[in-house]
Amino acid sequence: AQSVAQPEDQVNVAEGNPLTVKCTYSVSGNPYLFWYVQYPNRGLQFLLKYITGDNLVKGSYGFEAEFNKSQTSFHLKKPSALVSDSALYFCAVRDSGNTPLVFGKGTRLSVIA
Amino acid sequence: DVKVTQSSRYLVKRTGEKVFLECVQDMDHENMFWYRQDPGLGLRLIYFSYDVKMKEKGDIPEGYSVSREKKERFSLILESASTNQTSMYLCASIPPEGPGTDTQYFGPGTRLTVL
């Protein structure tokens with residue numbers, strides 16, 4: 001069975017500092033990994049994905065994520081945080097192209113001015 | 001741009017009522033999903049469908065049913081609403097499997113309150 005762990009419920013970072021939101025996964029085959037963001041009272045928006053290829057994936061709004069197969073991790077990063085990045089972030093995984101995504105419990109990011 | 005719409009943003013119902021949540025996508029996607037989102041629990045899959053008239057149970061199907069009469073529409077039904085079904089409900093769809101076509105698109109969500 002597939003699963004995703006987001007070990008931090010909340011991450012606080014000062015504006016301008018680098019941010020990392022952690023994600024580890026478990027899947028039987030090759031993983032398809034995703035990050036989504038949810039702003040207050042909104043649906044989920046796609047940020048980036050890893051399917052195959054380069055381990056460093058770049059996505060929307062300056063975010064990137066690094067796929068690490070040996071550590072089964074897919075941490076979300078940004079070199080310089082903005083207050084507007086404050087939101088709820090979800091990591092998700094599936095093991096083939098059209099099966100349902102399995103989501104982590106989410107990490108709330110607060111960027112403080 | 002892919003668009004997934006949900007019939008209501010906010011809904012208030014009474015215990016025991018039958019509730020219909022509608023989801024429509026405009027990109028001819030075959031695969032559609034219903035999740036509920038609760039604080040501290042993330043998103044949990046209720047039901048999904050890979051084709052018209054087809055449905056599969058997700059992780060938490062109890063108390064829910066679904067209907068997929070047309071490809072673009074996937075309805076979630078609460079047969080007899082209960083207070084523990086108060087939640088945010090999110091619909092999603094993905095296109096057929098293929099390179100670059102596996103991103104799951106979400107609707108804006110329906111916040112349901114059952115009194």
Side-chain angles (χ1 to χ4, degrees), chain A residues 1-10 21-25 27 29-54 57-60 63 65 87-108, chain B residues 1-10 21 23 25 29-51 54-61 66 74 88-111:
Chain A
Q2 305 154 83
S3 66
V4 173
Q6 293 182 243
E8 301 153 319
D9 293 335
Q10 174 96 29
V21 183
K22 295 179 181 177
C23 171
T24 58
Y25 67 90
V27 69
N30 291 322
Y32 290 50
L33 292 155
F34 298 78
W35 276 101
Y36 283 82
V37 60
Q38 186 179 39
Y39 298 102
N41 300 314
R42 303 285 294 275
L44 270 69
Q45 295 179 35
F46 167 76
L47 267 182
L48 51 79
K49 66 183 177 186
Y50 172 83
I51 306 301
T52 186
D54 286 343
V57 179
K58 294 188 183 297
S60 307
F63 283 93
L88 189 55
Y89 290 81
F90 289 96
C91 182
V93 68
R94 67 160 72 99
D95 64 1
S96 66
N98 65 353
T99 54
L101 281 172
V102 173
F103 285 84
K105 294 184 178 181
T107 298
R108 187 164 298 280
Chain B
D1 245 7
V2 176
K3 198 159 188 183
V4 181
T5 57
Q6 294 183 231
S7 50
S8 305
R9 292 299 304 275
Y10 300 94
L21 303 182
C23 174
Q25 48 88 8
H29 291 175
E30 293 174 349
N31 309 319
M32 298 186 74
F33 309 86
W34 275 107
Y35 293 87
R36 64 177 281 177
Q37 180 184 1
D38 300 288
L41 297 177
L43 274 74
R44 294 178 291 167
L45 182 66
I46 305 172
Y47 266 98
F48 60 102
S49 169
Y50 287 155
D51 204 350
M54 178 268 179
K55 60 185 178 184
E56 292 281 349
K57 292 180 179 179
D59 299 319
I60 52 163
V66 290
F74 190 36
M88 169 72 91
Y89 290 88
L90 292 166
C91 176
S93 71
I94 57 174
E97 184 171 0
T101 60
D102 41 22
T103 300
Q104 197 158 314
Y105 297 92
F106 282 85
T110 296
R111 187 168 293 282

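Throughout, a chain's letter reflects where its sequence line sits, starting with A, and its residues are numbered from 1.
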For [X], is it the side chain, the backbone, both or neither that has a heavy atom under 4.5 Å from a heavy atom of chain A?
X	value
Y89(B)	neither
E56(B)	neither
R9(B)	side chain

Run the side-chain contact (heavy atoms from CB on, under 4.5 Å) test on L43(B) and Q38(A) for me, step by step, so that the C-alpha distance in whole Å, both residues' side-chain angles and the decisive distance to 0.1 Å come before the verdict.
CA-CA 12 Å; L43(B) 274 74; Q38(A) 186 179 39; 5.8 Å; no
Looking only at non-hydrogen atoms, find the nearest pair between [X] and [Y] and report the distance.
X	Y	value
I94(B)	R94(A)	CD1-NH2, 3.7 Å
G42(B)	F90(A)	CA-CE2, 3.8 Å
P100(A)	L45(B)	CB-CD2, 3.4 Å

Report yes or no: does Y36(A) contribute a side-chain atom to a donor-acceptor pair with the main-chain N or O of Q104(B) at less than 3.5 Å?
yes
Count the heavy-atom pairs under 4.5 Å between each of D59(B), L41(B), D38(B) and chain A, then report the option with the highest count.
L41(B)
Pick from R44(B), R111(B), Q37(B), Q6(B): which one has the most heavy-atom pairs with chain A under 4.5 Å?
Q37(B)
Within this structure, what is the OH-CG distance for the pair Y35(B) and L101(A), rounded to the nearest 0.5 Å?
5.0 Å
